[in-house]
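Everything below concerns the one structure shown next.
Numbering of residues begins at 1 and proceeds along the displayed sequence.
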Amino acid sequence: MRQLNLFNDDIKPHKFTTFKKVGKPKTITSKQVYCTIESLKNKDTTDTTMKKCNISRRTYFRIKKGDYNDLLKEYLDNNIDDFRLDFSL
């Protein structure tokens, strides 16, 4: 009879431990994500935001949840060139 080695630390991890995102590429733009975030800050209604930013309801709630934060960061990196805090009196 063979005994199982349950506490062996030198087992190699499975080759599929890191996953790549696969599937359809994103069709939403970083400008639409920024527009939606600004509308959320202004407390606009969901329908108004969807019409203004030309997005679907599902995309609206995905942006609100934070699924497109990478596109928001990309937009901010590209469009905010000169940002400084000036506290001179």
Partner residues of Arg57 under the side chain to side chain contact (heavy atoms under 4.5 Å, CB included) criterion, sequence neighbours left out
Thr46, Asp47, Met50, Phe61

Lys41 meets the side chain to side chain contact (heavy atoms under 4.5 Å, CB included) criterion, sequence neighbours left out, with Ile37, Glu38

Would you find more than 12 non-hydrogen atoms of other residues, nucleotides or ligands less than 6.0 Å from Asp70 atom CG?
yes

Value for CG (Asn42) from OG1 (Thr48), rounded to nearest 0.5 Å, stands at 11.5 Å

Counting only N and O atoms by type, is there a donor-acceptor contact under 3.5 Å from the side chain of Gln32 to the main-chain atoms of Ile55?
no

Between CG on residue Leu76 and OH on residue Tyr34, distance to nearest 0.5 Å:
6.5 Å

Do Tyr60 and Leu40 come close enough that some side-chain heavy atom pair is under 4.5 Å?
yes

Pairwise side-chain contact, Ile63 with Asp67, heavy-atom cut-off 4.5 Å (strictly under)
no

Heavy atoms, side chains only, cut-off 4.5 Å: are Val33 and Tyr75 in contact?
no

Residues two or more places apart in sequence or in another chain: which of them pass side chain to side chain contact (heavy atoms under 4.5 Å, CB included) with Lys51?
none

Does a side chain donor of either Ser39 or Thr36 reach within less than 3.5 Å of an acceptor in the other side chain?
no

Hey, what do you get for CD (Glu74) to CG (Asn69), rounding to the nearest 0.5 Å?
12.5 Å

Starting at CD1 of Ile28, measure out to OG of Ser56 and round the result to the nearest 0.5 Å.
8.0 Å

Is there a side-chain contact between Tyr68 and Thr59, using heavy atoms and a 4.5 Å cut-off?
yes

Can you tell me how far apart CG (Asn78) and OG (Ser30) are? Round to the nearest 0.5 Å.
6.5 Å

